[in-house]
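Okay, so here's the structure we're looking at.
Throughout, protein chains are lettered first and strands after them, A, B, ... in sequence-line order, and every chain is numbered starting at 1.
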Amino acid sequence: MIPVHFPNVVYAELLKLYTRSAGLMTLAVSGLVGMVVAAVAAWLEYGIRTGMVQGPGVQGDTTQFSAILVGDWALYGRNFFVLPLMLLLVTATVVAGEYTDRTLREVAVRPLSRLSILLAKLLALLSLSALSLFFTFGIAFGAGLAAFGLPASWELLPALLAGYAASLLSDLAIICLGMLASMLMGGVGGVLISAAFLLGADLALRGFLTALNFFGVSGASGLLPWTLGHALDVWLGWKDGWEPQRFIVVVGVAIGAFSLAQLRFSRMDVP
Amino acid sequence: MGTHALEVKGLVRRYGARAAVGGLDLVVEEGDLYGFLGPNGAGKTTAIRCILGLIRRDAGEVQVFGERDPVAQRATVGAMVETPRFYDWMSGRENLRLATLYAGRGGEPDIDAALHAVGLTERQRDKVRGYSLGMRQRLGIARALVGKPRLLVLDEPTNGLDPRGMKEVRDLLRELCRRERLTVFLSSHLLSEVQSLCNRVGIIDRGLLTAEGEVNALLAARGLKTRVEIGVTDRRAAVEALGRVPGATLIGDGEGGRLVVELDRLDAAGLNRLLVQAGVDLHTLVPGTGSLEDVYLQATSQEAGVSG
Ligand SMILES: Nc1ncnc2c1ncn2[C@@H]1O[C@H](COP(=O)(O)OP(=O)(O)OP(=O)(O)O)[C@@H](O)[C@H]1O
Ligand SMILES: [Mg+2]
């Protein structure tokens, strides 16, 4: 199923991904998130130090500001909508987009199984996710060091880095869902709409479960950790404690979505 | 039975209730320049897509150099289907480079050779976005060539090319066939192109092969003879002389006042010699496509892919 020249195929996908505007834009936005978050932190710290910003718990105390805090905020900034959306867009461009603009045909006439084509795309997209995390962290942390100097304690750094690493899993699930949507919808717009639909449905489900819980229905709260949106936030575990359910769901969704996408792709006409 | 370059047996592809290809059988021998002829909507592109494994087939079998596995088959095939598409933010050369990566065969020398063969060496560094229709078509042919193929499958390769481009592509295909022992399977609806280029033809109509064979054998089997059109200075003398030349029959008038002559066991050079001997000077001698046209018209229906 996987040919000996598979590394060449992955290399070709990388060459395309890192020259097309959607891929470059993703990297640029990743860096931007780090930069913006660092700037906001520096501004806040300055405000608090000079008494411009006041409030309960602030009281002129700026000891909490550090490069690690900036890295923490940048992880939130990245994972709330911005980068997942960009990755979804890139996935849609690379899979659904190549199907609609017919360039997928030029790959499909080569001695490659459909599985190896999809797998090469998955690996290229995962590299983009990893590089994006690296950019966000590197720039946020670097700017944090420049603004606040060396952190007083390095204790939290390994956990924060684990949070970044876990984001790779959320990204993986999103990429696989994007691939499945690409196979079913056959258009970049369709992928974005179906993703919005899926996340909306998940949000509704979580709202429903929370309501049931509120009215005392037993078992409802037990289901909450198994919902998609909750699982996609697996990276939050670096602060809240790692939940095995999240890992199970996020990996299960990734494997399931990729398998279904491959099943569909292997039978699909590539015009 | 030796292995054929391409063998298709009982190929069926349906769209809804309509069979776009309804049980196609054909054989292409190694070294053939095979012309796949048929009217619009006959099923040429659909058959080619099935052969390449791009689309599902409902029945049938395809072998390429005896290989049955569809993925392994494509290792020896270079293909161009309909209008070729490219990563158009990249240069022509970069697109060919990607093609060699996906093929797992071919390198920089093959890319140079392919670019040279289609006359794109000068523009190779330009982004494909800025290429004209004909340049894209040429690049598509180059892309089919870069992976060291043994069989070329080309869907209307001269589509969109200017007259010089058409001739260059025909010359290129002939040369590849002769020099690199490449086998070429090309679809077309240009009769003159197929007649001047191909040694074998298959005619498809409404998804079925209605005639197949060597061009000459096909003509003979149908009782059709080669036709030529001749332009003469002295029409009356020519008509008279034609009556005395064995194997030549005057059929009627062609374009530009030329005479249409049907030949039987006589070629154009022979006719010329005999007429000159009879004291008639020819100023033009045009090989007629009328002959293959007749086979084609007999083998295809009137309406373009509408029924079925
Ligand atoms: N995706 C499709 N869905 C439905 N019908 C299709 C599809 N593709 C092709 N067909 C039908 O199959 C038949 C054959 O089409 P095909 O494109 O193979 O013809 P062709 O011989 O290549 O014609 P042309 O000379 O115009 O390129 C036509 O009747 C066409 O309408
Ligand atoms: Mg066609």
Count the heavy atoms of every other residue, nucleotide or ligand shown that sit under 6.0 Å from CZ of A/F134, and state whether that count exceeds 12. no
Just wondering, more than 12 heavy atoms not from A/Y76 lying within 6.0 Å of its OH? yes
Quick check: do B/Y87 and A/T103 have side-chain heavy atoms less than 4.5 Å from each other? yes
Go through A/P7, A/A12, A/S113 and name the one with the most non-hydrogen pairs under 4.5 angstrom from chain B. A/A12
Please check if the number of heavy atoms outside B/R136 that lie under 6.0 Å from its CZ is greater than 12. yes
The reported gap from NZ in A/K16 to CD in B/E94 (rounded to nearest 0.5 angstrom) is 13.0 Å
Flag the pair B/R56 / A/R267 as yes when at least one side-chain heavy-atom distance between them is below 4.5 Å, and no otherwise. no
Walk me through whether B/Y102 and A/N8 qualify under side chain to side chain contact (heavy atoms under 4.5 Å, CB included). CA-CA 7 Å; B/Y102 285 121; A/N8 293 6; over 6 Å; no
Portion of B/R13 that has a non-hydrogen atom of chain A nearer than 4.5 angstrom: side chain
Please determine, by modelled atom types, if A/S21 and B/W89 share a side-chain donor-acceptor pair under 3.5 angstrom. no
Residue pair A/V109 / B/V77, side-chain heavy-atom distance below 4.5 Å: no
Got a sec: does the CZ of A/F247 have more than 12 other heavy atoms crowding it under 6.0 Å? yes
Between B/T76 and chain A, with a heavy-atom cut-off of 4.5 Å, which part of the residue counts as in contact: side chain, backbone, both or neither? neither
Which one of A/T19, A/D101, A/L104 has the most heavy-atom pairs closer than 4.5 Å to chain B? A/T19
Region of A/E98 in contact with chain B, defined by heavy-atom distances below 4.5 Å: side chain
OG1 on B/T100 to NE2 on A/H5, rounded to 0.5 Å: 10.0 Å
Which bit of B/A75 is near chain A, if near means a heavy-atom gap under 4.5 Å: side chain, backbone, both or neither? both
Assess the residue pair B/M90 and A/R20 against the criterion (side chain to side chain contact (heavy atoms under 4.5 Å, CB included)); give the C-alpha distance rounded to whole Å, side-chain angles, the decisive distance to 0.1 Å, and a yes or no. CA-CA 9 Å; B/M90 292 181 160; A/R20 71 190 325 153; over 6 Å; no
Taking the side chain as C-beta and beyond, is there a heavy-atom pair between B/L98 and A/L15 under 4.5 Å? yes
Under 4.5 Å from any heavy atom of chain B, what part of A/R114 do you find: side chain, backbone, both or neither? side chain
Run B/R74 and A/R110 through side chain to side chain contact (heavy atoms under 4.5 Å, CB included) and show every step you take. CA-CA 6 Å; B/R74 294 197 290 265; A/R110 298 300 176 181; 5.9 Å; no
Pick from B/I55, B/L54, B/V71 with the largest number of heavy-atom pairs that fall under 4.5 Å of chain A: B/L54
Honestly, the part of B/R49 sitting under 4.5 Å from a heavy atom of chain A is side chain
If you measure from the Lys or Arg side-chain nitrogens to the Asp or Glu carboxylate oxygens, is any gap between B/R143 and A/E106 under 4.0 Å? yes
Most heavy-atom pairs under 4.5 angstrom with chain B, which of A/A108, A/P3, A/S116? A/A108
Sub-3.5 Å donor-acceptor pair from the side chain of A/R105 to the main-chain atoms of B/V81, do we have one? yes
